[in-house]
Amino acid sequence: MVFAGILIAFIAGLWIGYKRRPAFFKKYKVVLWITLMLLFLMGYETGSNAELFEALPRIGWWALVIAVCGALGGFCFVFLFERVLKKRKSL
Amino acid sequence: MILMLSAVTCGILLGRFFTLPVPDFILTVLLMALVFFVGLEIGSEEGIFKKIKKELALILIQSALVISGTLVFGWLACLLIPSSLFSGKETMGAAAGMGWYSLSGVMISEMHSPLLGTVSFTANLIRETLAILLIPVLSRFSPLASVSIGGAAAMDVLLGLISKHNRLSVTLIAFGQGVICSLMVPVILTIIFG
């Protein structure tokens, strides 16, 4: 239910933005403020969970492995595609 | 970025030492509001659909490769982490934020677990930092591949950096990649954890 709501909210925002082009949210940096509140609450949930908090020092290493793998995956796939594209252009 | 890290740090410290009356629904409401306003921002971008149309084929291929590469290698990351901690599905989900750390962290916290949400937030923050460090160097050898590291952040935070080191056509493709990846992050996370 929550996830359907998220997708509906996104499509609704996209549609209203395209049709009306409102500018107020940029002026007041609405996205930034909501993001800050969400991040604060995410941090609060982590901090108030003692078990999770103790696991935090290990999280950095796992996150680094996931970040490098994710970035490397996209890089390798596009790199190979770019090589093929260059070869075709040079023919 | 510093502001966002400060918000997380303040939250962690406050949660560690104090107890605040935070209603359960507030996170869901804020998440929906964030997604709505990001949609509004993308939709209201001047001539966004015209810009994308011009390089559409390349943008679509680039985005598909970035997404599939991230998911495949994200899944492989479970082989490098002790197997009892995270499954392949979980590491793939954490990587699927593609640099959009605020959304992926919060969505995964809500949909799966706060631990994986925090890992995803940190992983995507590291990915954005990697992009800032590597794009200027790698764009000389492989412009499109260098842009791929930015993932979803290629349309906002990284766009200035990308345009500084690349041709206009690459910048447009990067922008399109960012838009499509941003559109796909909530969808992919919903499919993985929903």
**Study point:** Residues in residues 134-141 of chain B near chain A [non-hydrogen atoms, under 4.5 Å]
**Key:** B:Leu138, B:Phe141
Minimum heavy-atom distance between [X] and [Y], given as atom pair plus value:
X: B:Thr122; Y: A:Ala63; answer: CB-CB, 3.6 Å
X: B:Ile149; Y: A:Ala71; answer: CG2-CB, 4.0 Å
X: A:Glu82; Y: B:Pro143; answer: OE2-CD, 3.1 Å
X: A:Leu36; Y: B:Ala7; answer: O-CB, 3.7 Å
X: B:Leu85; Y: A:Trp62; answer: CD1-CZ2, 3.2 Å

Chain A heavy atoms under 4.5 Å from [X]: which part of the residue, side chain, backbone, both or neither?
X: B:Leu27; value: both
X: B:Leu34; value: both
X: B:Ser68; value: both
X: B:Ser113; value: neither
X: B:Val22; value: side chain
X: B:Ile67; value: neither
X: B:Leu20; value: both
X: B:Ser142; value: both

Exercise for review: Show the numbers, then the answer: is there a side-chain contact (heavy atoms from CB on, under 4.5 Å) between A:Trp61 and B:Val119?
Suggested key: CA-CA 9 Å; A:Trp61 288 108; B:Val119 169; over 6 Å; no
Counting C-beta onward and ignoring hydrogens, is there a side-chain heavy-atom pair between [X] and [Y] closer than 4.5 Å?
X: A:Pro22; Y: B:Leu40; value: yes
X: A:Ile59; Y: B:Leu115; value: yes
X: A:Phe81; Y: B:Leu58; value: yes

Point to revise | Top contributor to chain B interface from A:Val68, A:Leu80, A:Ile16 [non-hydrogen pairs under 4.5 Å] | key: A:Ile16
Review point. Using a cut-off of under 4.5 Å for heavy-atom pairs, which of A:Ser48, A:Gly70, A:Cys76 has the most such pairs with chain B?
Key: A:Gly70
Any chance you could measure [X], atom [atom1], to [Y], atom [atom2], to the nearest 0.5 Å?
X: A:Leu64; Y: B:Leu80; atom1: CG; atom2: CG; answer: 11.0 Å
X: B:Leu144; Y: A:Phe75; atom1: CG; atom2: CZ; answer: 10.5 Å
X: A:Ile66; Y: B:Ile81; atom1: CD1; atom2: CD1; answer: 4.0 Å

Point to revise | Residue A:Arg20 versus chain B: region with a heavy atom under 4.5 Å | key: neither
Exercise for review: Let me know if A:Val30 has heavy atoms under 4.5 Å from chain B in its side chain, its backbone, both or neither.
Suggested key: side chain
Practice item. Not counting sequence neighbours, which residues clear side-chain contact (heavy atoms from CB on, under 4.5 Å) with B:Cys10? List them please. Key: A:Phe40
Review point. When you look at A:Leu32 and B:Phe37, which way does the side-chain contact (heavy atoms from CB on, under 4.5 Å) test go after all the steps?
Key: CA-CA 10 Å; A:Leu32 177 69; B:Phe37 281 107; over 6 Å; no
Could you list the donor-acceptor pairs under 3.5 angstrom formed by side chains in residues 173-189 of chain B, with sequence neighbours left out?
residue, atom, partner, partner atom, Å
B:Gln177, OE1, B:Gln62, NE2, 2.8
B:Gln177, NE2, B:Val147, O, 3.4
B:Gln177, NE2, B:Gly151, O, 2.9
B:Ser182, OG, B:Gly178, O, 2.7

**Study point:** Expected output: side-chain B:Arg127 to main-chain A:Ala67 donor-acceptor under 3.5 Å
**Key:** no
Review point. Do B:Leu79 and B:Val72 share a hydrophobic cluster (ILVMFWY, side-chain heavy atoms under 4.5 Å, transitive)?
Key: yes
Check your understanding: Same cluster for B:Ile26 and B:Ile12 if Ile/Leu/Val/Met/Phe/Trp/Tyr side chains link at under 4.5 Å?
Key -> yes
Review point. Do other residues, nucleotides or ligands put more than 12 heavy atoms under 6.0 Å from the CZ atom of B:Arg167?
Key: no
Practice item. Show which residues join A:Ile11 in its hydrophobic cluster (side-chain heavy-atom contacts under 4.5 Å, direct or indirect), or state none. Key: none
